Protein chains: 2
Amino acid sequence: MEPAQIDPTRERLLDEAEKLFALKGFDAVSVREITSRAESHLSAVNYHFGTKKNLYLSVFEERWIPRARRVATKLDVLEKNNVTSVEVMVHTLAEAFMRGFGDDRERLMHQQLIQREMSHPTEALEMIAEQVTKPVFLRLKNMIVSHQPSQNNGEDMFLCLFSVFAQIFFFNFGRNMVSLLTGREYDPAFRDQVVDHITNFSLYGLNGRLTES
Amino acid sequence: MEPAQIDPTRERLLDEAEKLFALKGFDAVSVREITSRAESHLSAVNYHFGTKKNLYLSVFEERWIPRARRVATKLDVLEKNNVTSVEVMVHTLAEAFMRGFGDDRERLMHQQLIQREMSHPTEALEMIAEQVTKPVFLRLKNMIVSHQPSQNNGEDMFLCLFSVFAQIFFFNFGRNMVSLLTGREYDPAFRDQVVDHITNFSLYGLNGRLTES
DNA sequence: GTCTATAGCAGGATAGAC
DNA sequence: GTCTATCCTGCTATAGAC
């Protein structure tokens, strides 16, 4: 099925499709728009992917999931060095997802795609859950609980991990609201501030903030 | 502009439009679908709202914003009773947004609409920020800092409030992913568990969980 | 294999009967 | 004011020229 030789037209189609699906969502994007941006032709999509829907799923198979796996390798160093500090773990995690992509645009695109899938799942969400989210969460859970005297069960730790990811997602997809209320732009300084905030909030919650001297 | 007498056709159109826009998003919904569910006719939308876009904005003006204000009144009792416990505040806040709607469907619809606006803003987001989010956040910030010896500035407290809302949003719009990973359904028991989790995580973060005996 | 042409259908908006 | 009929545009998918 996969061509041994990479087809550059097919690659451009996947690139532009991913950008547009993230920006506007499946229904708001036309195949014509994708092909014209990819400097290709309407029927090239049909030739390479059969249908628009299958192009969408291919974006996840061939772009999104490999990228998510790449970002997840940022956690390898923690395991290799046998890091025991939860603070370092959470900071690494937050930084990996807030800054561990090629650039800001790529990170936003990546997270807008998963956000759409989470609120309106297609076949892609199950692929992602099985191949990415579940393995990553299990690794994180084991890293944390193996160094801690906690009696928490796995489900409770999963909820905590969701709370960390919830913040990462919110500060990306909700950046418009955040900017409207804080008056801050998403420049590198603010992003660093957000990473520190997520780390501190996830570790100590509100009490840590309110009682610090 | 507003009719003194409420037009039942107009009301049904707003009701069905809100449901469908929340479920599928602006582009994926056709006016024909809205009018057929409202047992009305295609041109009724044109007559009452002019355009599809204006119907969408009217949903926020006449449904979403009034509902958000209604939910926000759940915070009044805290001010009236001069509550000083941050734990009570956060729990009230989480419960108001996790359970303080007519029913589960209404809450999900409400939060899917704001989620879409946050990631892809239209004129509606500015209305919401001005008329709902900013006033609520200011109230919450003042309630918390007026009882605390904290030196935190307002911006930092805003980030904390975003982190609380981030979790509320995530456990709603991301419920598919949460269910896939935990195997739990969103029954009332799980929702109570989530409210408690958000309260605890927001107050004490991971450390509170890991060091509890 | 690439691209043109087009089938076949659904969309938003409107005009006009009543 | 309500509803039918229709316009025009844009869509996906396909057939077939080259």
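Because the structure is a prediction, the values reported are computed rather than measured. We name chains A, B, ... by the order of the sequence lines, and we start the count at 1 in each one.
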Gap between atoms CG and P, on B/Leu13 and D/dC3 respectively (whole Å): 11 Å
Sub-6.0 Å ring centroid separation between B/Phe169 and A/Phe169: no
Donor-acceptor contact present, side-chain A/Glu117 to main-chain A/Leu113, <3.5 Å: no
Set of side chain to side chain donor-acceptor pair (under 3.5 Å) partners for B/Glu126, sequence neighbours left out: none
A/Arg184 atom CZ, over 12 foreign heavy atoms within 6.0 Å: yes
Residue pair A/Thr182 / B/Glu155, side-chain donor-acceptor N/O under 3.5 Å: no
Any B/Ser30 side-chain nitrogen or oxygen under 4.0 Å from OP1 or OP2 of C/dA10: no
Contact check, side chains of B/Phe101 and B/Arg67, non-hydrogen atoms, under 4.5 Å: yes
Nearest-nucleotide pick for A/Tyr47, side chain only, options being D/dG1, C/dT2, C/dG11: C/dT2
Residue-level proximity of residues 38-46 of chain A to DNA chain D when a heavy atom falls under 4.0 Å: A/Leu42, A/Ser43, A/Asn46
Test item: A/Arg107 and A/Arg191 side chains (from C-beta on) under 4.5 Å apart, heavy atoms: yes
Contact residues, residues 48-58 of chain B to DNA chain C [heavy atom, < 4.0 Å]: B/Thr51, B/Lys52
A/Asp27 CG to C/dA10 C1', straight-line distance once rounded to whole Å: 13 Å
Check: A/Phe162 ring centroid to A/Phe137 ring centroid under 6.0 Å: yes
